[in-house]
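Remember, it's a predicted structure, so these values are computed and weren't measured experimentally.
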Amino acid sequence: MRIKLPRDIPASEITPKALYETRRDFLKTAAGLGIMTGMVAAGIGLPSAARAGTKLQGIAKSPLSLASEPLTSFKDVTTYNNYYEFGTSKDDPSDVAPSKLHPRPWTVAIEGEIKKPRTVDVDELFKLARLEERVYRMRCVEGWSMVIPWVGYPLSELIKRAEPTGKAKYIEFVSLADPEQMPGVKVPILDWPYVEGLRMDEAMHPLTILCLGLYGETLLNQNGAPVRVVVPWKYGFKNGKSIVKIRFVEQQPKTTWALANPHEYGFYSNVNPEVDHPRWSQAKERRIGEFGKRPTLMFNGYGDQVASLYAGMDLRKYF
Ligand SMILES: Nc1nc2c(c(=O)[nH]1)N[C@H]1C(S)=C(S)[C@@H](COP(=O)(O)O)O[C@H]1N2
Ligand SMILES: [Mo]
């Protein structure tokens, strides 16, 4: 495994100032709408007070962060989103989710083939392990990509504490599906709730994180507050947002996009420029904020770390 050098410039120093201006406007609007009570009272770094967009303290720099690619702007990361529970346009999640979704109080049920099933409050998840910044390259199956400074810790920290039994072969992530908070779930575009899953060794891989924030703050609603999964070598849709249930199971989970269209979306969904989507090529990508296209890398550039997970598998069959 090749370990990349830590990125030693804090995100706040590379983010163009204009973005912070935009951010302030957003905060003003948010405060006006009364949707982030407590958050604007700066200095609340305590996870127990966390609302969407609360600054997080004591984040460690991870050696697994990408070292050399410029970050996608905070504005693009938080306004160009896929989150169909809030609509299918890129700007629907940031238009609708900030006022509609309530990420507190929030619990996550951890169940299935484990010795320690329990329901945890999301604020406990903030204290489970040391928060790290993980700058990851992200690739959407639609052909665009971003570089995002996520905040979280290895999902393996949670898995170890759950004590999986020998029958736990896969792990399933179930997103919230509440029609009161999510107008999109009243529309049968997908089979709600949104379900994603990983094989246990993929879930245990050090690159897979339980994600609680980005750009040094708790997740904004449109990015999947209060808790989501991030798996950087797979297409974006594997990264389920606003998770309410984590299930350890024996059989491969029936995941939302594979159910919706099994010919176009497989369970593995590893970023693979050699396997075209039936309706378009996956060879290149548009990095949001850049002109032109760049070639898509095998396993999204994480091949040195993850290729061994798929040794001997036909990646055209298991796409
Ligand atoms: N619950 C849920 N999770 C989801 C989605 C969704 O529609 N619903 N979209 C996925 C897709 S296709 C992508 S590309 C990423 C986008 O994450 P981002 O908006 O934080 O960049 O979220 C993924 N997780
Ligand atoms: Mo996506």
I'd like to know if the side chain of [X] and the backbone of [Y] have a donor-acceptor N/O pair within less than 3.5 Å.
| X | Y | result |
| --- | --- | --- |
| Lys75 | Thr72 | no |
| Asn223 | Val77 | yes |
| Trp192 | Lys186 | no |
| Ser89 | Asp92 | no |
| Asn300 | Val271 | no |
| Arg199 | Leu309 | yes |
| Thr218 | Gly53 | yes |
| His205 | Val231 | no |

To the closest 0.5 Å, what do you measure between [atom1] ([X]) and [atom2] ([Y])?
| X | Y | atom1 | atom2 | answer |
| --- | --- | --- | --- | --- |
| Glu172 | Glu111 | CD | CD | 9.0 Å |
| Leu155 | Ile209 | CG | CD1 | 9.5 Å |
| Glu113 | Met200 | CD | CE | 9.5 Å |
| Arg228 | Tyr83 | CZ | OH | 9.0 Å |
| Ile110 | Ile243 | CD1 | CD1 | 10.5 Å |
| Thr255 | Asp191 | OG1 | CG | 11.0 Å |

Could you check if a side-chain atom of [X] sits within less than 4.5 angstrom of a side-chain atom of [Y], using non-hydrogen atoms only?
| X | Y | value |
| --- | --- | --- |
| Arg161 | Lys116 | no |
| Leu219 | Trp150 | yes |
| Ser242 | Trp106 | yes |
| Leu64 | Arg134 | yes |
| Leu125 | Val122 | yes |
| Phe74 | Leu214 | yes |
| Glu85 | Leu101 | no |
| Phe267 | Lys238 | yes |

Under the criterion salt bridge (Lys or Arg N to Asp or Glu O under 4.0 Å), I'd like the reasoning laid out for Glu124 against Arg118: C-alpha separation, chi angles, the key distance, then a yes or no. CA-CA 12 Å; Glu124 274 183 61; Arg118 65 191 196 108; 3.5 Å; yes
Dump the intermediate steps for side-chain contact (heavy atoms from CB on, under 4.5 Å) on Tyr215 and Leu220, then the final yes or no. CA-CA 10 Å; Tyr215 265 107; Leu220 294 189; over 6 Å; no
Carboxylate-amine/guanidinium contact Lys61 Glu133, below 4.0 Å: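 Salt bridge between Lys61 and Glu133, a charged N being under 4.0 Å from a carboxylate O: yes.
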Is the closest basic N to carboxylate O distance between Arg286 and Glu290 below 4.0 Å? no
Go through the structure and list residues passing ring pair (Phe, Tyr, Trp, His ring centres under 6.0 Å) with Tyr153, not counting sequence neighbours.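 Listed in chain order: nothing, the list is empty.
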Decide whether a cation-pi geometry holds between Lys241 and Phe173; the criteria are a distance under 6.0 Å from NZ or CZ to the six-membered ring centre and an angle within 45° of the ring axis. no
When you group the ILVMFWY residues by side-chain heavy-atom contacts below 4.5 Å and let the links chain together, are [Y] and [X] in the same group?
| X | Y | value |
| --- | --- | --- |
| Val174 | Ile189 | no |
| Leu66 | Ile148 | yes |
| Val147 | Leu207 | yes |
| Val135 | Ile59 | yes |
| Phe237 | Leu259 | no |

Modelled atom types, side-chain donor and acceptor of [X] and [Y], under 3.5 Å:
| X | Y | answer |
| --- | --- | --- |
| Lys90 | Asn81 | no |
| Gln252 | Tyr268 | no |
| Arg287 | Ser145 | yes |

Asn270: which of Tyr302, Tyr235, Tyr318, Trp233 passes side-chain hydrogen bond (donor to acceptor under 3.5 Å, both in side chains): Trp233
In Glu285, Lys284, Glu274, the residue satisfying side-chain hydrogen bond (donor to acceptor under 3.5 Å, both in side chains) with Thr296 is Glu285
Going by the side-chain contact (heavy atoms from CB on, under 4.5 Å) test, name the single residue among Pro93, Ser94, Ser73 that passes it with Thr79. Ser94
Candidates Val249, Ile114, Leu198 - the one meeting side-chain contact (heavy atoms from CB on, under 4.5 Å) with Ile171: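 Only one option passes, and that is Leu198.
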Please report the closest heavy-atom contact between [X] and [Y], naming both atoms and the distance.
| X | Y | answer |
| --- | --- | --- |
| Asn272 | Met298 | OD1-SD, 3.3 Å |
| Pro183 | Phe86 | CD-CD2, 4.1 Å |
| Gly58 | Arg130 | O-NE, 3.0 Å |
| Cys211 | Val230 | CB-CG2, 3.6 Å |
| Pro253 | Gly197 | CG-CA, 4.3 Å |
| Pro262 | Phe319 | O-CZ, 3.5 Å |

Between Asp123 and Arg104, does the side-chain contact (heavy atoms from CB on, under 4.5 Å) criterion hold? Intermediate values first, please. CA-CA 9 Å; Asp123 289 324; Arg104 292 294 187 291; 3.0 Å; yes
Walk me through it: do Glu202 and Tyr310 pass the test side-chain contact (heavy atoms from CB on, under 4.5 Å)? CA-CA 10 Å; Glu202 298 177 318; Tyr310 311 101; 2.5 Å; yes
Under the criterion side-chain contact (heavy atoms from CB on, under 4.5 Å), I'd like the reasoning laid out for Val275 against Gln282: C-alpha separation, chi angles, the key distance, then a yes or no. CA-CA 7 Å; Val275 175; Gln282 291 291 28; over 6 Å; no
Ring centers of Trp257, Tyr84 separated by less than 6.0 Å: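 Yes.
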